[in-house]
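Take a look at the structure below.
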Amino acid sequence: MESNTQKAIDYSHEHIQEFIDSLIDFLKIQTLSSDKSYKGEVRKGAEWLAAYLKRLDVQDIRIIDTNNNPIVYGSLHQAGEDKPTILIYGHYDVQPPDPLDEWMSPPFEPTIKDGILYARGSSDMKGQAMVSLAAIQSILAFDKMPVNLKFLFEGDEEVGSPSILPFLNEYKDLFKSDFVLNLDAGMVAKDMPTIVYGLRGLAYFEILVTGPAHDLHSGLFGGIVYNPIHALSKLIAGMKDEHGKIQLPGYYDDVLPLEKKERDELNALDNPDQYYIDEMGAKAVFGEEGFSNVERIGARPTLDVNGIWGGYTGEGSKTVIPSKAHAKLSMRLVPNQTPEKVRQQLTQYMQENAPKEVSWEIKQLSSDPAYLTHIDSKPTRCFIQSLEKVMGKKPVFKREGGSIPISTHFQNLLGCESVMSGFSLPGDRVHSPNERLDLELFEQGIEVIIDYFYRVAQECGD
Ligand code: BES
Ligand code: ZN
């Protein structure tokens, strides 16, 4: 007799076009969390998810308001109290699509070419959210869910989840589960199924340097005033030396060295420089001396300027000495560093290095610490088995460079560890023009998750 797992898998293949069509619908909604003028669209994204959950007969569906964008909640308890409850995590917001003229097809008009779906959010992470929903739908076509489920979809992940901590604190009983399944962490390569066991944190700042109280004629005043753009540029330039070492005072003090075993395991996943050069389209790789690329990405902290502006940038010329210069600056953090301490280090650097002729202020935009999980937990062991069974290869274990701020709060407030993986590739151009999703992986992902739900039901119950 055909097993229920196989029946659901067969169903998922037969209905794959339906799932892709639903995903396309979802991708058309412009859920930009960074831009307040898109609030209505973001809410539409939440409503779309709530409606989809309703189709799956999920109970107690709620769109809960927060100080920012709403959270979609639901629960599907069909498996009985002896079976585990998995919290399915996802985010329905996306990053801004600019620069728009670099897209081959418009970012919110999903387009399929050669088995690849192009759209903002296709890989990060509406496509990943759809993997779970499609897996559940395939099982429910002729069975009960073998595990209990809760859902949490947030609309602020891409802006650092600023209101998630008070929210989860208030609703911790509602979201109480045994563990979290988070498919927002990706995989190393198409033939390398991946368990992600570490994420970096993020400390994000905006710096404002002010010179004169208002813009000045550069002829009348040029030569007697400190230009704030010049001051800011020098400050930023000094934050890293030519070997890629960050110069904020004490920046590396809390960074724990990798143990030899972990270092060796991570380095087994490294690629030659040329791989990264091709992925990035850059002339060369550049990073902290003494570390491999995979270590620099997953296990070492960074500092990057994300944007810098000020003065006149329109067409033609304007002879002006600007009053203000701005920069957005962020640090990816590793375990044991804290965003608060990094803020102090940045402040100290500014105090010690900013010229006395200008004034400055720092605003902190997001602060989330790094997150590490245990790869030998039962839920993760089951995921390893499902990946191996469906994808035909043992997964690799990776520390990733990106951040998912809610992970730490799941751990600290709900006591829930996250199983982190996903079906997005390093070449998917996430956060960049022409974001893409490999539809073959999407289909395989659904199979993995179906297998996983049945496997967890058998192996993780009471
Ligand atoms: N999916 C990413 C996180 C990610 C990227 C995990 C690569 C593993 C590998 C997520 O959507 C994301 O982009 N997060 C932001 C969070 C930030 C705004 C606090 C990030 O990492 O920039
Ligand atoms: Zn993202």
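We count residues from 1, following the sequence as given. Every number for a ligand or one of its atoms is a count from 1 in the order of the listing. Here the structure is a predicted model, which means the values were calculated and not measured.
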>> Are Y197 and F397 an aromatic pair, judged by ring center distance below 6.0 Å?
In response: no
> Can you pull the residues with any heavy atom under 4.0 Å from ligand 1?
Replying inline: H91, D124, E157, E158, G160, D184, A185, L199, L202, R332, E400, G402, S403, I404, P405, H431
>> Below 30° counts as parallel, above 60° as perpendicular, anything between as tilted: where do the rings of F179 and Y452 land?
In response: perpendicular
>> Going by side-chain hydrogen bond (donor to acceptor under 3.5 Å, both in side chains), name the residues that satisfy it together with T313, two or more places apart in sequence or in a different chain.
In response: none
>> Whether R296 engages the ring of F291 as a cation-pi pair (distance to the six-membered ring centre under 6.0 angstrom, angle to the ring normal within 45°) should be assessed.
In response: no
> So F175 and Y171, would you call those rings parallel, tilted or perpendicular, with 30° and 60° as cut-offs?
Replying inline: perpendicular
> When you check the gap from the basic side-chain N to the acidic O, do K190 and E440 get nearer than 4.0 Å?
Replying inline: yes
> What closest approach, in Å, do P228 and K324 show between heavy atoms, and which atom pair accounts for it?
Replying inline: CG-N, 3.9 Å
>> Among residues at least two apart in sequence or on other chains, which ones pass side-chain hydrogen bond (donor to acceptor under 3.5 Å, both in side chains) with S377?
In response: T380
> What are the protein N, O or S atoms, given as residue plus atom name, that sit under 2.8 Å from the Zn ion (ligand 2)?
Replying inline: D124 OD2, E158 OE1, E158 OE2, H431 NE2
>> Tell me whether K394 at atom NZ has more than 12 heavy atoms from other residues, nucleotides or ligands lying less than 6.0 Å away.
In response: no
